[in-house]
Amino acid sequence: MTTSPDSRPAPPATAAPAALRQRLAELRGPGRPPRPLDARALAALAANPGCRRRVLLDGAGIDKGALAAALGSPAAFGQSQFAIVRGHSFEARAKADGGTELVRLLHERLRDGTPAPAPGSVDVPDLTAGGPEGRTARTALALREATAAGRWALLDHPLLALPVSGTPAFLEPDAVVVHPDGSWTVVEIKSFPVIDGAADPGKAGAAARQAAVYVLALEELAARTDGGDTARVRHEILLVCPKDFANVPVAELVDVRKPRATTRRQLARLARVEDIAAALPAGTTFDLRPADDGRTATRPAAELAAAVEAVDAAYAPECLAACELAFHCRARARSEGAVAALGRGLRGELGGLTTVESVLAAALDGTAGGAAAGGHALPGAPAEAAADPAAADPTVLALRRAAALRAEALALAPAPVPAPAPALAGTEAACR
């Protein structure tokens with residue numbers, strides 16, 4: 001059968017240059033396959049675009065969990081095996097009838113007057129192909145064919161490609177529904193329950209941010225298809241969860257335009273992986289030199305730490321819930337007295353004061369403690385401000401005022417009452 005040129009999808013523009021692939025392979029170590037970058041990690045990466053360390057490690061496909069364990073700061077978060085099994089079980093039930101139930105839930109939420117899908121009327125194309133590039137091409141072809149057919153179709157676990165920092169990221173949503181009008185909807189299936197019509201806001205927000213990454217990848221694919229119509233990708237995703245404490249699927253449409261715009265803007269701010277790799281010292285590698293069992297790292301932790309510290313990080317407390325290296329980065333930030341370890345909000349308020357030592361020096365310079373150490377009195381007059389140029393800084397003024405109020409409160413506080421001595425053994429209690 002002859003196939004017209006229009007039926008072939010355009011190849012995804014995600015192939016990294018051979019030199020870059022070779023350099024990233026050197027960073028991982030010989031024989032170490034790249035770790036895939038999923039939508040959850042990509043959303044977390046977009047939330048902290050200033051961290052060049054995570055950009056490089058994720059772009060190179062390095063296992064940050066194994067790296068953190070080799071550094072002596074293993075990650076203490078992640079899904080339990082029970083949660084993973086429960087999620088797979090619920091997803092299998094939601095898709096058990098060939099996708100008809102999922103499409104029916106979507107149709108009920110749309111309320112657009114179109115006829116409901118009949119049993120057996122939902123097409124489920126085969127997306128089997130070899131390798132990630134083959135699967136992305138097969139997904140693109142299936143989407144084009146389903147769009148042209150004008151019928152309901154469900155793509156089960158399609159593979160989408162999204163360029164991130166100059167390297168390809170392959171993303172696998174739970175499902176994508178093709179509407180009879182040719183539009184596409186991302187389906188995200190989660191195992192956290194919807195109780196009395198409400199889901200956990202934190203979990204629902206995380207699911208929306210993750211689905212926004214899939215929407216971006218779909219828009220990237222739509223831009224390469226005939227006509228480049230990205231408007232066919234709907235900005236509302238279908239979030240499917242268990243109802244109450246049963247295993248019955250319930251769905252709700254979630255608008256992801258805001259997280260999509262935020263993620264797009266943050267990803268555009270990421271430094272390119274090849275630029276970060278080019279700035280590394282010669283011979284830098286994150287190879288763990290695993291033993292014969294393939295898991296035990298034999299490389300000295302000091303060498304690994306030096307390689308990790310060669311790349312700048314932007315630690316924030318939020319990293320503890322999203323990055324495997326967060327505990328290592330937190331320890332380094334605390335040892336250096338970095339204000340960033342206390343939170344982005346405080347870091348922004350303090351301006352050019354980047355260390356705890358500099359903050360304390362600015363706060364105590366002008367209080368009784370600072371004056372005793374040779375500092376200035378608390379600025380309250382223009383003459384004092386002229387004598388102390390730093391006093392003109394509003395941040396310094398606020399710190400000194402806070403330090404003065406704290407010293408005043410401590411001076412007025414009553415002396416602590418000493419704790420009563422323990423009763424001798426064998427004596428009776430006073431209440432007797």
Pair E408-L405, side chain to side chain contact (heavy atoms under 4.5 Å, CB included): steps then yes or no: CA-CA 5 Å; E408 181 180 349; L405 292 175; 4.2 Å; yes

Would you call [X]-[Y] a salt bridge at under 4.0 Å N-O?
X    : Y    : value
E219 : R260 : yes
E236 : R257 : no
R35  : D58  : no
R334 : E336 : no
E303 : R289 : yes
D181 : R234 : yes
R109 : E252 : yes

Evaluate the side-chain proximity of [Y] to [X]: yes if any heavy-atom separation is below 4.5 Å, no if none is.
X    : Y    : value
T230 : L218 : no
S358 : L360 : no
P158 : R138 : no
L57  : L67  : yes
L127 : L159 : no
L42  : T263 : no
P249 : K243 : no
E108 : V103 : no

Say you draw a straight line from [atom1] of [X] to [atom2] of [Y]; how long is it, rounded to the nearest 0.5 Å?
X    : Y    : atom1 : atom2 : answer
E324 : H328 : CD    : NE2   : 13.5 Å
L267 : L216 : CG    : CG    : 7.0 Å
T139 : E172 : OG1   : CD    : 8.5 Å
L56  : E274 : CG    : CD    : 11.0 Å
R86  : F192 : CZ    : CZ    : 10.5 Å
L71  : E309 : CG    : CD    : 8.5 Å

Can you tell me if [X] uses its side chain to pair, donor with acceptor, with the backbone of [Y] under 3.5 Å?
X    : Y    : answer
T136 : P132 : yes
D244 : D196 : yes
R151 : V122 : no
R400 : A362 : yes
S121 : A118 : yes
R40  : Q210 : no
R232 : W184 : no
D229 : A231 : yes
T147 : L143 : yes
R330 : A341 : no

Taking all atoms of both residues into account, what is the closest heavy-atom pair of [X] and [Y], and its distance?
X    : Y    : result
G98  : L154 : O-CD2, 4.4 Å
Q266 : A47  : NE2-O, 4.4 Å
T284 : L27  : O-CD2, 3.4 Å
A153 : A146 : CB-CB, 3.7 Å
L238 : A251 : CD1-CB, 3.6 Å
C319 : A314 : SG-O, 4.2 Å

Verdict with reasoning, V187 to V176, per side chain to side chain contact (heavy atoms under 4.5 Å, CB included): CA-CA 6 Å; V187 179; V176 172; over 6 Å; no

D292, CG atom: more than 12 neighbouring heavy atoms under 6.0 Å: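 12 or below, so no.
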
Heavy-atom neighbours of H157 NE2 exceed 12 at 6.0 Å: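 Yes, because the 6.0 Å sphere around NE2 of H157 holds more than 12 heavy atoms from other groups.
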
W152 and H179 aromatic ring geometry - parallel, tilted or perpendicular at 30°/60° bounds: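 Geometry flag for W152 against H179: tilted rings.
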
Derivation of the salt bridge (Lys or Arg N to Asp or Glu O under 4.0 Å) call for E91 and R93: CA-CA 5 Å; E91 180 179 345; R93 174 165 183 171; over 6 Å; no

CA sep, side-chain torsions, deciding dist, call: R135, T128, side chain to side chain contact (heavy atoms under 4.5 Å, CB included): CA-CA 7 Å; R135 289 186 59 195; T128 305; over 6 Å; no

Derivation of the side chain to side chain contact (heavy atoms under 4.5 Å, CB included) call for L162 and L171: CA-CA 7 Å; L162 181 66; L171 310 172; 4.1 Å; yes

Passing option when L102 is tested against D97, D156, D174, I189 for side-chain contact (heavy atoms from CB on, under 4.5 Å):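 Testing each of D97, D156, D174, I189 against L102, the sole residue satisfying side-chain contact (heavy atoms from CB on, under 4.5 Å) is I189.
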
